[in-house]
Amino acid sequence: MQYRKLGSSDLTVSTIALGSWLTYSGGVEKSRSIACVRRALDRGITLIDTANIYGKGAAETVLGEALADVKRDSYVLATKLYFPMTETDKGLSRTQIAKQLDASLQRLRVDHVDLYQCHRYDADTPLHETMEALTAAVKSGKTRYIGFSEWPIEKIREATEMMGVEKFVSSQPQYSLIWRKPEAEIIPYCAAHGISQIVWSPLGQGILTGKYKPGAEPPAGSRATSATMGHFLQDLPERRAVLEAVQAMQPLAAQAGLSLAQFALAWVLREPNIASAIIGASHPDQIDENIKAADSLVPPALFAQAEALLMPTLKAA
């Protein structure tokens with residue numbers, strides 16, 4: 001496992017992080033979820049990412065149980081808020097930040113998180129109110145640092161330039177070989193302002209593993225066949241060009257001595273502004289497989305060939 005500094009913070013995180021979005025929020029039975037968390041810690045993963053909205057608290061509750069007897073300073077715990085927990089509990093107001101952070105801490109069974117993230121931008125709350133509330137959360141000791149996910153660049157700039165408030169140390173964008181939008185503005189700006197990326201969906205919801213073949217039914221037991229985890233993969237039949245390009249990457253991954261999933265993760269980690277790539281795991285052996293990407297040294301020419309294969313499909317999307 002490799003480790004990188006998280007933005008301007010004093011946190012060091014594993015380059016592979018364990019996420020809990022679709023898996024530990026109800027997609028995977030609790031005993032297997034806990035086994036995955038334990039395997040991740042055993043294999044050197046130190047960053048655990050979750051959110052209050054995942055299963056409406058279910059993922060945080062599972063993680064709280066899984067981490068209950070683990071030394072607190074041995075892992076970095078990150079959670080988020082924004083999406084509606086009830087009809088009235090939503091957004092990034094001062095009241096909601098205080099309320100949702102306390103509720104997350106209770107479910108996670110800890111007295112603080114290391115990173116508290118705004119899951120999206122809240123256009124209904126003045127930015128200064130959000131930043132002042134996040135600053136108060138840091139001063140209270142309930143979170144050490146703050147971050148954001150999928151914010152518009154103009155609001156990232158405004159928050160960065162605001163005086164008298166805590167500064168963001170992390171950004172959590174979607175980023176992969178088939179989703180490269182953060183490269184245009186988010187990554188360059190963040191790199192210049194002490195903000196690291198913690199990437200979600202680095203395997204494109206599993207598309208970049210190569211398990212989904214063009215013209216074929218999804219394999220039994222895969223995410224695409226799951227009633228609870230497959231809703232983001234319902235358009236697979238319409239994505240034939242992407243699936244074909246991914247299959248054409250197989251020889252490139254083989255030349256690097258990696259599986260397609262490892263190759264795709266290594267591609268994400270080639271970018272120095274990325275501190276960590278979040279993986280989901282339904283089985284502990286998936287963690288063993290994916291973390292091999294952390295130590296991989298792939299010739300840049302192979303990455304360039306992979307990008308060339310996929311670029312036409314990105315332009316068509």
Side-chain angles (χ1 to χ4, degrees), residues 1-6 9-81 85 97-117 119 137-138 140-147 169-170 172 198 200 228-229 275-295:
M1 182 61 66
Q2 300 294 315
Y3 301 87
R4 295 180 182 176
K5 189 169 179 289
L6 185 66
S9 77
D10 65 358
L11 297 174
T12 298
V13 298
S14 52
T15 53
I16 302 295
L18 182 66
S20 58
W21 172 25
L22 298 174
T23 45
Y24 313 144
S25 60
V28 177
E29 62 185 25
K30 186 172 74 170
S31 61
R32 189 142 46 91
S33 298
I34 292 174
C36 287
V37 175
R38 296 305 180 91
R39 180 68 62 84
L41 296 171
D42 288 345
R43 296 305 302 271
I45 289 177
T46 59
L47 177 56
I48 310 294
D49 181 79
T50 190
N52 63 348
I53 194 61
Y54 298 163
K56 293 291 183 75
E60 288 181 330
T61 299
V62 168
L63 288 175
E65 183 172 344
L67 297 168
D69 60 353
V70 179
K71 190 177 179 183
R72 181 62 186 88
D73 62 3
S74 67
Y75 60 91
V76 175
L77 186 57
T79 193
K80 316 179 197 72
L81 87 157
M85 294 296 283
I97 287 172
K99 180 177 182 177
Q100 298 305 326
L101 179 53
D102 282 345
S104 289
L105 294 178
Q106 184 174 10
R107 288 188 291 264
L108 290 164
R109 305 189 193 182
V110 294
D111 61 6
H112 74 280
V113 292
D114 299 287
L115 182 64
Y116 200 42
Q117 303 160 100
H119 214 156
V138 173
S140 74
K142 294 178 181 180
T143 184
R144 295 178 64 191
Y145 297 100
I146 57 173
V169 302
S170 71
Q172 190 171 129
I198 300 172
W200 65 273
T228 56
M229 298 187 290
S276 193
I278 301 171
I279 63 167
S282 301
H283 301 274
D285 56 3
Q286 291 175 324
I287 293 170
D288 296 338
E289 177 75 8
N290 285 333
I291 64 170
K292 295 175 184 176
D295 296 314

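Looking only at side-chain heavy atoms (C-beta outward), D73 and K71 come within less than 4.5 Å of each other. Within the 4.5 Å cutoff, no side-chain heavy atoms of D114 are placed close to those of L6. At least one side-chain heavy atom of S170 sits under 4.5 Å from a side-chain heavy atom of Q117. Side-chain contact between V113 and K142 is absent, with no heavy atoms from C-beta onward closer than 4.5 Å. Side chains of E65 and R109 form a contact here, defined as non-hydrogen atoms less than 4.5 Å apart.
A side-chain contact (heavy atoms from CB on, under 4.5 Å) with I278 is found for one member of I16, L47, D49 and no other, namely D49. For the side-chain contact (heavy atoms from CB on, under 4.5 Å) criterion with Y3, the lone passing option out of T15, T12, V13 is T12.
Within the 3.5 Å criterion, the main-chain N or O of A137 finds a donor-acceptor partner in the side chain of S140. The backbone N or O of M1 lies less than 3.5 Å from a partner atom in the side chain of D295, making a donor-acceptor pair. At distances below 3.5 Å, at least one donor-acceptor pair connects side-chain atoms of T143 with backbone N or O atoms of Y116.
A salt bridge does not link R72 to D111: none of the charged side-chain nitrogens sits closer than 4.0 Å to a carboxylate oxygen. Taking 4.0 Å as the cut-off between side-chain N and carboxylate O, R39 and D285 do not count as a salt-bridged pair.
Side-chain contact, E60 with T50: no donor N or O sits under 3.5 Å from an acceptor N or O. Side-chain contact annotation: Y145 with D10, donor-acceptor N/O pair under 3.5 Å present.
In this structure, CE in M85 is found 10.0 Å from NZ in K99, a value given to the nearest 0.5 Å. One finds the NZ atom of K80 at 10.0 Å from the CH2 atom of W21 (value rounded to the nearest 0.5 Å). Separating the CD atom in Q286 from the CG atom in L18 is a distance of 10.5 Å, to the nearest 0.5 Å.
When the shell of 6.0 Å around NZ of K30 is examined, it contains 12 or fewer heavy atoms from other residues, nucleotides or ligands.
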| message | Run the side chain to side chain contact (heavy atoms under 4.5 Å, CB included) test on S20 and L63 for me, step by step, so that the C-alpha distance in whole Å, both residues' side-chain angles and the decisive distance to 0.1 Å come before the verdict. | response | CA-CA 9 Å; S20 58; L63 288 175; 4.0 Å; yes
| query | Between C36 and I287, is a side chain to side chain contact (heavy atoms under 4.5 Å, CB included) present by the stated rule, with each step listed? | reply | CA-CA 7 Å; C36 287; I287 293 170; 4.0 Å; yes
| task | Might you work through the side chain to side chain contact (heavy atoms under 4.5 Å, CB included) test for L77 and L67, ending with a clear yes or no? | result | CA-CA 10 Å; L77 186 57; L67 297 168; 4.2 Å; yes
